[in-house]
Participant: 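Okay, here's the structure, questions in a sec.
Positions are given from 1 along the sequence.
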Amino acid sequence: MDYKVVLTSDAEADLDNFISYLLFVKRSKQAARNLVDDFEETKKDLSKVALSLKLCDNPKLKVMGYRRINFKSHRYFMLYRVEGNIVTVDNIFHELQDYENKMI
């Protein structure tokens with residue numbers, strides 16, 4: 001089953017912030033391009049495997065139905081929920097961020 005992947009405005013802002021950091025702070029167009037490519041590839045994979053990934057370990061996130069998919073080549077991940085054939089990506093985080101406290 002293929003799922004339709006939808007990003008919330010928060011998830012879009014998260015991705016934009018990471019790309020802006022790479023472009024304007026690190027001054028690396030190539031790094032920003034690589035991140036975008038990795039995001040697109042991960043999003044494509046998510047549309048195929050959304051329900052096969054386990055629920056988050058955090059009990060509160062688990063109750064809310066959150067799952068996590070890691071980017072293939074970067075230290076980022078998406079938190080998402082599945083409703084029918086729609087996957088809603090609520091946020092994108094770097095793995096060093098305290099995402100649990102932001103989400104709860």
Side-chain angles (χ1 to χ4, degrees):
M1 169 183 209
D2 281 0
Y3 299 90
K4 179 180 178 181
V5 179
V6 177
L7 271 66
T8 64
S9 58
D10 285 346
E12 290 175 352
D14 293 337
L15 184 61
D16 287 345
N17 288 336
F18 294 130
I19 293 167
S20 293
Y21 174 78
L22 293 171
L23 286 173
F24 302 114
V25 176
K26 292 298 186 180
R27 298 182 185 270
S28 177
K29 288 181 184 177
Q30 186 61 50
R33 190 173 304 117
N34 290 343
L35 179 60
V36 170
D37 290 346
D38 197 8
F39 163 77
E40 292 295 338
E41 186 68 26
T42 303
K43 185 176 154 187
K44 185 172 102 177
D45 290 348
L46 181 58
S47 73
K48 306 269 189 232
V49 301
L51 272 180
S52 69
L53 300 177
K54 73 176 190 146
L55 290 165
C56 290
D57 291 331
N58 179 292
K60 291 181 181 178
L61 293 176
K62 188 178 214 173
V63 166
M64 292 189 281
Y66 279 106
R67 299 170 190 266
R68 170 180 171 161
I69 186 167
N70 295 325
F71 283 35
K72 290 181 171 283
S73 304
H74 292 82
R75 297 174 64 188
Y76 298 92
F77 64 92
M78 298 180 215
L79 279 186
Y80 68 93
R81 298 170 284 122
V82 180
E83 297 172 20
N85 68 335
I86 305 292
V87 173
T88 303
V89 177
D90 285 317
N91 289 96
I92 301 171
F93 295 100
H94 187 276
E95 68 181 31
L96 296 178
Q97 287 179 275
D98 182 12
Y99 72 95
E100 290 175 333
N101 284 325
K102 181 179 180 192
M103 296 300 296
I104 297 174

Participant: What is the minimum heavy-atom distance between R67 and A50, and which atoms define it?
Facilitator: CD-O, 3.5 Å

Participant: Under the criterion side chain to side chain contact (heavy atoms under 4.5 Å, CB included), which of L7, L46, V6 is the partner of V87?
Facilitator: L46

Participant: Say whether, by atom type as modelled, one donor and one acceptor occur between the side chain of Y3 and the main chain of V82 under 3.5 angstrom.
Facilitator: no

Participant: Among Y76, F18, Y99, which one satisfies ring pair (Phe, Tyr, Trp, His ring centres under 6.0 Å) with F93?
Facilitator: Y99

Participant: Going hydrophobic residue to hydrophobic residue with side-chain gaps under 4.5 angstrom, can you get from F24 over to L15?
Facilitator: yes

Participant: Do V25 and I19 sit in the same hydrophobic cluster, where Ile, Leu, Val, Met, Phe, Trp and Tyr count as joined when their side-chain heavy atoms come under 4.5 Å apart?
Facilitator: yes

Participant: Do any N or O atoms from the side chain of D38 and from the backbone of S73 form a donor-acceptor pair under 3.5 angstrom?
Facilitator: yes

Participant: Count the heavy atoms of every other residue, nucleotide or ligand shown that sit under 6.0 Å from CG of D57, and state whether that count exceeds 12.
Facilitator: no

Participant: Do you know which two heavy atoms are closest between Y80 and I69, and how far apart they sit?
Facilitator: CE2-N, 4.0 Å

Participant: Does one hydrophobic cluster hold both L96 and Y21, with members joined at side-chain heavy-atom distances below 4.5 Å?
Facilitator: no

Participant: What are the two closest non-hydrogen atoms of T42 and M78, and how far apart are they?
Facilitator: CG2-CE, 3.7 Å

Participant: Are L55 and V89 connected, step by step, through hydrophobic side chains (Ile, Leu, Val, Met, Phe, Trp, Tyr) whose heavy atoms are closer than 4.5 Å?
Facilitator: no

Participant: Mind checking the NE2-CD1 spacing from H74 to I92? Nearest 0.5 Å is all I need.
Facilitator: 13.0 Å

Participant: Of all residues at least two apart in sequence or in a different chain, which pass the salt bridge (Lys or Arg N to Asp or Glu O under 4.0 Å) check with R75?
Facilitator: E95

Participant: Please examine the side chains of T8 and T88, heavy atoms only from C-beta on, and report whether any two atoms are closer than 4.5 Å.
Facilitator: yes

Participant: Say you draw a straight line from NZ of K102 to CG of D98; how long is it, rounded to the nearest 0.5 Å?
Facilitator: 11.0 Å

Participant: Quick check: are there more than 12 heavy atoms from other residues, nucleotides or ligands sitting under 6.0 Å from CZ of F77?
Facilitator: yes

Participant: Measure the spacing between CG of L23 and NZ of K29 and express it to the nearest 0.5 Å.
Facilitator: 8.0 Å

Participant: Where do R33 and Q30 come nearest, in terms of heavy atoms and distance?
Facilitator: NH1-OE1, 3.1 Å

Participant: Could you tell me the separation between the SG atom of C56 and the CD atom of E100, rounded to the nearest 0.5 Å?
Facilitator: 8.0 Å

Participant: Once rounded to the nearest 0.5 Å, what's the spacing between atom CE of M103 and atom NZ of K60?
Facilitator: 13.0 Å

Participant: Report yes or no: does N17 contribute a side-chain atom to a donor-acceptor pair with the main-chain N or O of A13 at less than 3.5 Å?
Facilitator: yes

